[in-house]
Engineer: 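Please read through the structure below; I'll follow up with questions.
All heavy atoms count here, side chains included; hydrogens, waters and symmetry mates do not.
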Amino acid sequence: MGDKPIWEQIGSSFIQHYYQLFDNDRTQLGAIYSLPFQKIQHSITAQDHQPTPDSCIISMVVGQLKADEDPIMGFHQMFLLKNINDAWVCTNDMFRLALHNFG
């Protein structure tokens, strides 16, 4: 990881930590994630990270998820990370299932 830009290192570390917590112990992410399913598993297909002009980091994730016995679904998720008092904090989180209705 040492040869990657710092924003790639920070973004990748955040993504790994976030989805590990989400899949294994969602309670650590707070009450905003009290969702109706019992188990979930994410599979990350791709992730991209970019610095912003105001020293934040935008991280975009594309992948698949499986919740309980539901079919596998694609998803996109984007995070805005900001350094506050020497700690990287997620200030924004946008999520969308990749569902298509062509009917």
Engineer: What's the separation between atom OG in Ser13 and atom NE2 in His49, rounded to the nearest 0.5 Å?
Structural biologist: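 One finds 8.5 Å between OG of Ser13 and NE2 of His49.
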Engineer: Would you check, one step at a time, whether the test side chain to side chain donor-acceptor pair (under 3.5 Å) holds for Gln41 with Tyr19?
Structural biologist: CA-CA 9 Å; Gln41 185 63 48; Tyr19 287 107; over 6 Å; no
Engineer: CG/Leu29 to CG/Asp93 distance, rounded to the nearest 0.5 angstrom?
Structural biologist: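 Leu29 atom CG to Asp93 atom CG measures 9.5 Å (nearest 0.5 Å).
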Engineer: Is there a side chain to side chain contact (heavy atoms under 4.5 Å, CB included) between Ile44 and Val62 once you walk through the steps?
Structural biologist: CA-CA 6 Å; Ile44 306 303; Val62 176; over 6 Å; no
Engineer: Would Val89 end up clustered with Leu81 when hydrophobic side chains under 4.5 Å apart are linked, directly or stepwise?
Structural biologist: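 Different hydrophobic clusters.
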Engineer: Can you tell if the side chain of Ser59 reaches within under 4.5 Å of the side chain of Gln47, non-hydrogen atoms only?
Structural biologist: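 Answer no - side chains too far apart.
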Engineer: Any side-chain heavy atom of Glu69 sitting closer than 4.5 Å to one from Lys39?
Structural biologist: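 With C-beta onward as the side chain, the pair touches.
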Engineer: Just wondering, more than 12 heavy atoms not from Gln64 lying within 6.0 Å of its CD?
Structural biologist: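 Buried by this count: over 12 neighbours within 6.0 Å.
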Engineer: Could you measure the distance from the CD atom of Gln28 to the CG atom of Leu21? Nearest 0.5 Å is fine.
Structural biologist: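 Between atom CD of Gln28 and atom CG of Leu21 there are 5.0 Å.
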Engineer: Should Ile58 and Met78 count as side-chain neighbours, where that means a heavy-atom distance under 4.5 Å?
Structural biologist: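 Result yes, sub-4.5 Å side-chain heavy-atom pair found.
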Engineer: Is there side-chain contact between Thr52 and Ile57, with at least one heavy-atom pair below 4.5 Å?
Structural biologist: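 No, their side chains stay 4.5 Å or more apart.
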Engineer: Can Ile40 be reached from Leu97 by stepping across I, L, V, M, F, W or Y side chains whose heavy atoms are under 4.5 Å apart?
Structural biologist: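 In one cluster: yes.
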Engineer: How long is the span from the CD atom in Gln20 to the NE2 atom in His42, to the nearest 0.5 Å?
Structural biologist: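 Atom-to-atom, Gln20:CD and His42:NE2 are 13.0 Å apart.
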Engineer: Could you check if a side-chain atom of Trp88 sits within less than 4.5 angstrom of a side-chain atom of Lys82, using non-hydrogen atoms only?
Structural biologist: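 No - every pair of side-chain heavy atoms lies 4.5 Å or more apart.
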Engineer: Verify the neighbour count for atom CG of Asn85: are there more than 12 heavy atoms of other residues, nucleotides or ligands below 6.0 Å?
Structural biologist: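 12 or below, so no.
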Engineer: Passes side chain to side chain contact (heavy atoms under 4.5 Å, CB included), Phe37 versus Arg26? Steps please.
Structural biologist: CA-CA 11 Å; Phe37 47 81; Arg26 220 171 29 253; 3.2 Å; yes
Engineer: Would you check if Phe79 and Ile15 make a side-chain contact, meaning some heavy-atom pair closer than 4.5 Å?
Structural biologist: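 Contact flag for Phe79/Ile15 side chains = yes.
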Engineer: Drop me the distance from Cys56's SG to Ile10's CD1, to the nearest 0.5 angstrom.
Structural biologist: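 The distance works out to 11.0 Å.
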Engineer: Heavy-atom distance under 4.5 Å between the side chains of Phe95 and Val61, does that happen here?
Structural biologist: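 The answer is no; the side chains never approach within 4.5 Å.
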Engineer: Find out if a path of hydrophobic residues (ILVMFWY) with successive side-chain heavy-atom gaps under 4.5 Å connects Tyr18 to Trp7.
Structural biologist: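 Cluster IDs for Tyr18 and Trp7 match.
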Engineer: When you compare the side chain of Phe75 with that of Gln77, does any pair of heavy atoms fall below 4.5 Å?
Structural biologist: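 Yes, their side chains come closer than 4.5 Å.
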Engineer: More than 12 heavy atoms of other residues, nucleotides or ligands under 6.0 Å from NZ of Lys66: yes or no?
Structural biologist: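 Check passes, neighbour count above 12.
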